[in-house]
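Before any comments, here is the structure.
We count ligands from 1, going down the list as the structure has it; atoms in each ligand are counted the same way. Residues take their numbers from the sequence shown, with the count starting at 1. In this text, all values refer to a predicted model and were calculated from it rather than measured experimentally.
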Amino acid sequence: MHRTNIPSSHPRAKSLYIRELLVNGFKNGMVVQEGLIAHGRGETFDYLLGEGTTETAYTAIKAACSLLLLADHPVISVNGNVAALCSKDVVELSHLIDADIEVNLFYWTEEREIAIEKELKKMGAKKVLGTRSGGSARIPGLQSERRIVDQDGIYKADTVLVPLEDGDRTEALVKMNKKVIAIDLNPLSRTSKAATVTVIDNVIRALPTMAIEAKQLKQKKGQILKKIVNEFDNTKNLSESLEIIRCGMNARQR
Ligand code: ATP
Ligand code: MG
C-alpha cells in the first residue's frame, strides 16, 4: 500500500502517520470519506489534550478493563476507522478479555463489511460477527444502519466496547441495560457523556494500553476489579479531561 515519506523528525510525524493509515484504509474500502472528516474532529481534541495518554485516561482505562474482565459476554464493536487504525490491537484485546468482535457500520455496505472482516482475520481474529449473514437483530429506538446488530453479538452482550461511537447508539445501548465503554477524544460528545466508562484518548494509543492493563488486571481477584469499577465516576473523569484542556490552553497562551 502507498506510503509517503514522512521524516520521523517532522513535528507532526505521528499525526501524519495516523492520517496515512486512514487514507490507506480508505483505499482498501474499509474507511468512508465521512470517516476521514470524523477523524479531524478527534485530532482537534488530541491536539488540545497534548497528544498523549493522560493520567485521567489511564484511570478510565483501568475501569474499562475491569468491566470487560467482569463481563459474561463482552463484545468489541468495530467500524471502518477502528479497523484501519488498530485491527491488530482489537484482536489482541479480544483474546485477553475473551470478547467477540462485531463489525458495525453507519455507512453500511456488504463490501465494507467484508473488507473489515478480512483485515481483522488477517490480524488473527478467528471469528468476526456482523450483519451480513442474516440472523440480525435491531437496537430499539435507533434509525441508522448502526441499529442492525448481530443477534449473538452486540444484541446479547452485557458489556460493549465501542471505540469511535455515535452518541445515539451509545444512549440506546445503555437503555438496553448494557455497560458501554467508549473511546472518544471529545469529552463533550454525547457518546462520552452517555457511556458507562469513557476513555478520553486516541484509539490508537488507548487500545494497546488497554491490552497491557488487561493482562495485569486478569491476575486480580473479582473483588478488586469490582472495587475499581465502583470507585470510577465517569462524569468526574470527563470534567478532569476538560480541565486538562483548559489548563493546557492557559499555559500555551502565555
Ligand atoms: P456524538 O454523536 O457522540 O455527539 P459527534 O457527532 O461529535 O459525537 P461523530 O462524528 O459521530 O462525533 O464521531 C466522531 C467521534 O469520534 C468524535 O467525537 C471524535 O472526537 C472521535 N474520534 C475521531 N477519531 C478518533 C480517534 N482516533 N480516537 C478517538 N476518538 C476519535
Ligand atoms: Mg455523532
How far apart are the C-alpha atoms of Glu117 and Lys121, what are their side-chain angles, what is the distance that settles it, and do they pass the salt bridge (Lys or Arg N to Asp or Glu O under 4.0 Å) test? CA-CA 6 Å; Glu117 181 180 344; Lys121 288 202 167 150; 3.0 Å; yes

Does Leu85, backbone or side chain, put an N or O under 3.5 Å from an N or O of ligand 1? no

What do you reckon, does Gly167 have a nitrogen or oxygen under 3.5 Å from a nitrogen or oxygen of ligand 1? yes

Would the distance check show the side chain of Ser66 and the main-chain N or O of Val229 forming a donor-acceptor pair, the cut-off being under 3.5 Å? no

Polar side-chain atom of Gln219 near backbone of Lys215 as donor-acceptor pair, under 3.5 Å: yes

Return the residue, atom name and 0.1 Å-rounded distance of the protein heavy atom closest to atom 3 (O) of ligand 1. Thr191 OG1, 2.4 Å

Shortest protein heavy-atom distance from atom 27 (N) of ligand 1, along with the residue and atom involved: Asn202 OD1, 2.9 Å

Atom 11 (O) of ligand 1: the protein heavy-atom neighbour that sits closest, reported with distance to 0.1 Å: Asp166 OD1, 3.3 Å

Can an N or O of Arg41 be found at a distance shorter than 3.5 Å from an N or O of ligand 1? yes

Closest protein heavy atom (residue, atom, distance) for atom 23 (C) of ligand 1: Ala38 O, 3.4 Å

Mind checking whether Leu185 has an N or O less than 3.5 Å away from an N or O of ligand 1? yes

Mind running salt bridge (Lys or Arg N to Asp or Glu O under 4.0 Å) on Arg12 and Glu51 for me, showing each step along the way? CA-CA 10 Å; Arg12 308 228 65 80; Glu51 292 167 300; 2.3 Å; yes

Crowding at NZ, Lys88 (>12 non-hydrogen neighbours, <6.0 Å): no

I'd like to know if the side chain of Arg147 reaches the main chain of Gln143, judged simply by a donor and an acceptor atom lying under 3.5 Å from each other, with no hydrogens or angles considered. yes

Report yes or no: does Asp201 have a heavy atom closer than 4.0 Å to ligand 1? yes

Counting from 1, what ligand 1 atoms have a heavy atom of Asn186 closer than 4.0 Å? 18 (O), 20 (O)

With only distance considered, is Asp184 within less than 3.5 Å of ligand 1 through an N or O on each side? yes

What protein heavy atom sits nearest atom 31 (C) of ligand 1, and how far away is it? Leu164 CD2, 3.2 Å

Say whether, by atom type as modelled, one donor and one acceptor occur between the side chain of Asp233 and the main chain of Lys236 under 3.5 angstrom. yes

Taking Glu102 for the side chain and Asp150 for the main chain, is one N or O donor matched with an acceptor at less than 3.5 Å? yes

